[in-house]
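Remember, it's a predicted structure, so these values are computed and weren't measured experimentally.
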Amino acid sequence: MPTTERLLEVHDLVVRFPGRRGGSITVIDGVSFDLAAGETLSLVGESGSGKTTIGRAILGLAPVTDGSISFRGETISNVPRSRRRKLASDIQVVFQDPYSSLNPSMTVESILVEPLAAAGVEGGRARVRHLLDAVGLPAGAGQRYPREFSGGQRQRVAIARALALEPAVIVCDEPTSALDVTTQATVLSLFKDLQAATGVAYLFISHDLGVVNEISDRIAVLYQGRIAEIGEAHQVATRPRHEYTHRLQMAAPVADPRKQRERREQRLALLATGPHDPGIGPLARKGDT
């Protein structure tokens, strides 16, 4: 369950990248949110909305142009590499493609022991057996290579690696989008079970409102680098207040063909009428030249 302890605080975050013809492109424009211990906050938006860039900024993989990112009250944006390495025990990541994030030449046991050994944790192999059991893989899986597993099983290995150092926060960057629907549901259930057991907080990045409604406490909707709407998960996913969120809701697939057809008709009607909320239109970019 979420607590009142604020682990992660993002305040007026701005991320700019150099433009092709000089000047700069503002990808994130004044985004603010926080993440409590044991909470799942999802960042949702279409491709190019900036959600993954926020995750990368938190991980130190994208530059912070302005604003700040704090972890347990300490500013961690643009910190030296040595400090960033120490933060690895507190903030971990699960990427979209589990195969590309796992070294194909290493056994699963070696993959999981590596971060433990780097952190000086003793009894690494015993902990690996515990981790494999926690994510629903047999202990014998440690002697196998990533290529010997299905996509869902590889994602379980990636989750086990993220949990190895017992972090407080895991950034989950589209961790189920490469999986089929059945496997996706299983992995989401695993995320929830592990959170209940460990108290880890998730920053869950996705383009699918339906997926994040299953796992989130709160949802923040990103549009062109800004937060269009943030609130309790079920409210945002089912009764959105912002027109852009409503469009995302209409775009999400549903199992019932009749309901899917109705949604498609509603979406086409929305597209035909155009945006009514000034916040939906093209947003001015600070610093663009």
Side-chain angles (χ1 to χ4, degrees), residues 2-3 5-17 25-45 47-98 101 115 119 158-159 161-177 191 194-195 198-207 212 215-228 230 233:
T3 70
E5 179 192 2
R6 290 291 179 261
L7 290 177
L8 196 67
E9 294 179 275
V10 176
H11 181 66
D12 287 340
L13 179 66
V14 176
V15 176
R16 295 193 184 103
F17 292 106
I25 298 173
T26 303
V27 180
I28 304 300
D29 192 0
V31 165
S32 298
F33 61 83
D34 55 44
L35 178 68
E39 181 186 27
T40 298
L41 171 66
S42 289
L43 302 181
V44 184
S47 178
S49 63
K51 56 190 186 297
T52 292
T53 299
I54 293 173
R56 289 176 61 83
I58 290 168
L59 294 164
L61 302 175
V64 174
T65 307
D66 204 353
S68 65
I69 301 171
S70 301
F71 177 74
R72 286 180 170 151
E74 177 190 352
T75 300
I76 62 170
S77 41
N78 299 327
V79 295
R81 188 171 297 179
S82 59
R83 175 63 184 128
R84 179 55 63 177
R85 282 195 296 268
K86 292 180 180 178
L87 281 168
S89 62
D90 291 312
I91 304 175
Q92 278 288 317
V93 60
V94 176
F95 291 108
Q96 176 179 355
D97 182 357
S101 68
I159 294 168
R161 183 179 58 184
L163 288 168
L165 295 176
E166 300 180 339
V169 175
I170 299 180
V171 176
C172 306
D173 188 3
E174 297 272 14
T176 62
S177 64
F191 271 117
L194 292 171
Q195 185 176 58
T198 65
V200 67
Y202 298 134
L203 183 68
F204 201 94
I205 297 167
S206 178
H207 64 278
V212 300
I215 194 173
S216 307
D217 296 296
R218 291 184 298 141
I219 296 173
V221 180
L222 270 292
Y223 177 72
Q224 293 191 358
R226 298 180 184 176
I227 291 180
I230 185 168

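- Panel note: side chain Y202, backbone S216; no donor-acceptor pair is recorded below 3.5 Å.
- Of all non-hydrogen atoms in A57 and V64, the two that sit nearest each other are CB-CG2, 4.3 Å.
- Counting heavy atoms from C-beta outward, D12 and S32 have side chains that approach closer than 4.5 Å.
- Atom CG in L8 sits 9.0 Å away from atom CG in L41 (nearest 0.5 Å).
- Note that OG of S47 is 9.0 Å distant from CD of E174, once rounded to the nearest 0.5 Å.
- Looking at every heavy atom in both residues, S77 comes nearest to S68 through OG-CA, 3.9 Å.
- Between A158 and S101, the shortest heavy-atom distance links the atoms CB-OG, 4.4 Å.
- Between I170 and L163, some side-chain heavy-atom pair lies under the 4.5 Å cut-off.
- One N or O on the side chain of R84 and one on the backbone of I76 form a donor-acceptor pair closer than 3.5 Å.
- Counted by atom type alone, T40 and Q195 present one or more donor-acceptor pairs between their side chains at under 3.5 Å.
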V94 vs D173, side-chain contact (heavy atoms from CB on, under 4.5 Å): CA-CA, chis, key distance, verdict: CA-CA 6 Å; V94 176; D173 188 3; over 6 Å; no

Steps toward side-chain contact (heavy atoms from CB on, under 4.5 Å) verdict (F204, I215): CA-CA 9 Å; F204 201 94; I215 194 173; 4.0 Å; yes

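- The side-chain heavy atoms of V169 and D90, taken from C-beta on, include no pair separated by under 4.5 Å.
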Step-by-step side-chain contact (heavy atoms from CB on, under 4.5 Å) determination, L13 to I69: CA-CA 8 Å; L13 179 66; I69 301 171; 4.1 Å; yes

Chi angles and distances behind the salt bridge (charged side-chain N to carboxylate O under 4.0 Å, His left out) call for E9, R72: CA-CA 8 Å; E9 294 179 275; R72 286 180 170 151; over 6 Å; no

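- The two residues V10 and V31 make their nearest non-hydrogen contact at CG1-O, 3.6 Å.
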Derivation and outcome, salt bridge (charged side-chain N to carboxylate O under 4.0 Å, His left out), residues D34 and R218: CA-CA 10 Å; D34 55 44; R218 291 184 298 141; 3.2 Å; yes

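- Put simply, CG on L35 and CZ on F33 are 7.5 Å apart, with the number rounded to the nearest 0.5 Å.
- Remark: K51 NZ to L203 CG distance equals 12.0 Å, nearest 0.5 Å.
- Scanning both residues, V14 and G30, for their nearest heavy atoms gives CG2-N, 3.7 Å.
- The side-chain heavy atoms of F17 and V15, taken from C-beta on, include a pair separated by under 4.5 Å.
- L194 is listed as a side-chain neighbour of I159, based on a closest heavy-atom distance under 4.5 Å.
- The distance from the CG atom of L165 to the OG atom of S89 is 6.5 Å, given to the nearest 0.5 Å.
- If you take NE2 on H207 and CG on L222, they are separated by 14.5 Å, rounding to the nearest 0.5 Å.
- You'll find the side chain of Q96 stays beyond 4.5 Å of the side chain of P175, heavy atoms only.
- Side-chain atoms of S42 never come within 3.5 Å of backbone atoms of V44 as a donor-acceptor pair (strictly under, hydrogens ignored).
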I28 and I54: CA distance, side-chain angles, deciding distance, side-chain contact (heavy atoms from CB on, under 4.5 Å) verdict: CA-CA 7 Å; I28 304 300; I54 293 173; 3.6 Å; yes

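- In this structure, Q92 contributes its side chain and A88 its backbone to a donor-acceptor pair below 3.5 Å.
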